[in-house]
Amino acid sequence: MTNIGIRALGLVAVFEISTVAAAVAAPQFTIGDLPSFYQGSFGTGSTLNIFYNATYLQYQQDRLRLKLTLPELSVSGLPNGAVLSGGNVISRKSAATQTHSASGIGDIWLAAHYTALPAQGLMPAIVPFAKVKFGTASASQGLGTGKNDYELGLGLDETIGTRIFPFAHIAYRFVGNPPGDNLRNIWTYDLGSSFALDHRNILTGMFSGAQSEQPGYSGPADLIVAWNYNITSAGTGLQLFVDKGLSNGSPDYGVGLGGQVVF
């Protein structure tokens with residue numbers, strides 16, 4: 001996952017619902033789409049409505065997983081001068097009272113995960129990863145910074161029996177800083193667990209958070225519950241999640257419903 005469904009998001013960025021899957025020897029391709037909606041102030045004096053539609057392409061073989069996320073973004077109630085990144089407000093102009101609406105392509109994300117050490121007994125799998133956010137969203141409309149971000153992180157993925165799959169991830173993001181915004185690099189993190197109710201139904205609960213990129217404001221913190229319904233054993237199926245913001249830097253709530261096809 002990105003930080004929340006929209007945090008690349010940062011919740012986000014892009015939001016990837018956790019699924020139970022073993023490494024595969026043969027190449028595996030996934031095409032998915034996860035439309036989501038968020039509402040909240042995000043630390044501004046306005047109520048924002050954000051629609052974030054993340055279309056993603058994923059390639060996996062053995063220990064390597066590559067993922068490209070191509071989002072569309074639409075927002076109303078965005079204060080003039082405020083800036084989004086991955087759908088989350090990262091820069092606010094406190095004096096701005098007028099708002100506007102905007103829509104367009106979001107920031108494209110490319111991520112690579114590699115299982116350096118598979119899980120063995122009580123030792124979780126160790127999965128370093130790297131991500132790049134390309135500044136493709138419109139800076140003039142406030143949909144993005146226009147700058148690239150770079151992220152390095154480490155994931156720990158465990159298996160308990162055949163039904164419980166806890167995980168934890170931490171990463172450091174080098175934030176592209178437009179002139180005058182005074183943004184800072186941040187830590188991002190999440191932890192939770194997936195529970196296989198049966199071979200088709202998987203529930204995931206997680207906490208996702210990050211530091212604020214703008215000094216003086218609360219960072220995002222979210223509680224997320226997701227349900228996956230697998231139509232095939234490979235992972236083709238439906239995805240549903242709900243998000244409850246726990247800080248002033250998060251949305252009040254978010255919901256998303258999508259699906260994916262695995263080849």
Side-chain angles (χ1 to χ4, degrees), residues 1-15 34-55 69-109 131-151 173-186 188 208-222 243 245 247-254 256:
M1 294 195 184
T2 55
N3 290 5
I4 75 176
I6 54 179
R7 299 190 188 17
L9 331 150
L11 341 105
V12 337
V14 102
F15 176 63
L34 185 59
S36 53
F37 173 80
Y38 300 87
Q39 185 178 85
S41 67
F42 295 89
T44 72
S46 174
T47 297
L48 283 72
N49 297 291
I50 299 176
F51 177 76
Y52 190 87
N53 185 36
T55 301
T69 303
L70 309 164
E72 293 178 284
L73 179 62
S74 180
V75 58
S76 64
L78 181 65
N80 293 345
V83 178
L84 302 178
S85 180
N88 184 56
V89 178
I90 63 165
S91 180
R92 309 151 180 90
K93 300 296 187 288
S94 58
T97 56
Q98 293 183 327
T99 65
H100 69 282
S101 299
S103 61
I105 186 174
D107 291 323
I108 295 173
W109 281 81
K131 299 180 182 180
V132 180
K133 184 209 81 176
F134 299 99
T136 51
S138 172
S140 62
Q141 295 189 72
L143 297 179
T145 64
K147 302 291 184 178
N148 292 357
D149 290 354
Y150 304 92
E151 183 171 307
R173 183 176 300 166
F174 300 89
V175 176
N177 193 9
D181 273 342
N182 192 32
L183 302 180
R184 62 184 179 183
N185 299 336
I186 61 171
T188 70
S208 176
Q211 293 177 296
S212 173
E213 297 180 13
Q214 184 179 21
Y217 289 87
S218 299
D222 298 81
D243 179 305
S247 77
N248 194 39
S250 298
D252 293 335
Y253 71 91

inquiry  = For the backbone of Tyr52 and the side chain of Ser36, can you confirm whether one donor and one acceptor N or O come within less than 3.5 Å of each other?
reply    = yes
ask   = With no hydrogens and no angle check, is any side-chain donor or acceptor of Arg173 less than 3.5 Å from a backbone partner on Lys131?
value = no
Ser250 versus Ala221, closest heavy-atom pair with distance = OG-N, 2.8 Å
query = Any donor and acceptor pair, going by atom type alone, linking the side chain of Arg184 with main-chain N or O of Val175 inside 3.5 Å?
reply = no
inquiry  = Go through it in stages, so that I can follow the logic: the residues are Asn177 and Lys147, the test is side chain to side chain contact (heavy atoms under 4.5 Å, CB included), and I'd like the CA-CA distance, side-chain angles, deciding distance and then a yes or no.
reply    = CA-CA 7 Å; Asn177 193 9; Lys147 302 291 184 178; over 6 Å; no
note = Separation between CD (Glu72) and OG1 (Thr55), nearest 0.5 Å, reads 6.5 Å
note = Only residue of Ser74, Ser138, Ser76 satisfying side-chain contact (heavy atoms from CB on, under 4.5 Å) with Ser103 is Ser74
ask   = Are any non-hydrogen side-chain atoms of Leu78 and Thr99 less than 4.5 angstrom apart?
value = no
query = If you draw a 6.0 Å radius around CD in Gln141, do more than 12 non-hydrogen atoms from other residues or ligands fall strictly inside?
reply = yes
ask   = Do you know the tightest heavy-atom contact between Ala102 and Leu143?
value = CB-CD2, 4.0 Å
query = How far does CG of Asp243 sit from OH of Tyr253, to the nearest 0.5 angstrom?
reply = 11.5 Å
task = Taking all heavy atoms of Phe134 and all of Asn148, pick out the closest pair and write down the distance.
result = CA-OD1, 3.4 Å
task = Find the distance between CG (Leu70) and CD1 (Ile105) and round it off to the nearest 0.5 Å.
result = 7.0 Å
inquiry  = Looking at Asn49 and Gln39, would you say the former's side chain and the latter's main chain have a donor-acceptor pair under 3.5 Å?
reply    = no
query = What pair of heavy atoms forms the shortest contact from Pro220 to Asn88, and how long is it?
reply = CG-ND2, 4.3 Å
inquiry  = When you measure from the side chain of Ser46 to the backbone of Leu48, do you find a donor-acceptor pair of N or O atoms at a distance under 3.5 Å?
reply    = no
ask   = Has the side chain of Asn53 got a donor or acceptor atom that lies under 3.5 Å from a matching backbone atom of Pro71?
value = no
ask   = Which atom names give the shortest non-hydrogen contact between Ser85 and Ile90, and what distance separates them?
value = CB-CD1, 3.6 Å
Pairwise side-chain contact, Ile50 with Pro251, heavy-atom cut-off 4.5 Å (strictly under) = no
Heavy-atom pair of closest approach, residues Ser41 and Asn248 = OG-OD1, 3.9 Å
query = Is the side chain of Thr145 donor-acceptor paired with the backbone N or O of Pro178 at a distance under 3.5 Å, no angle test?
reply = no
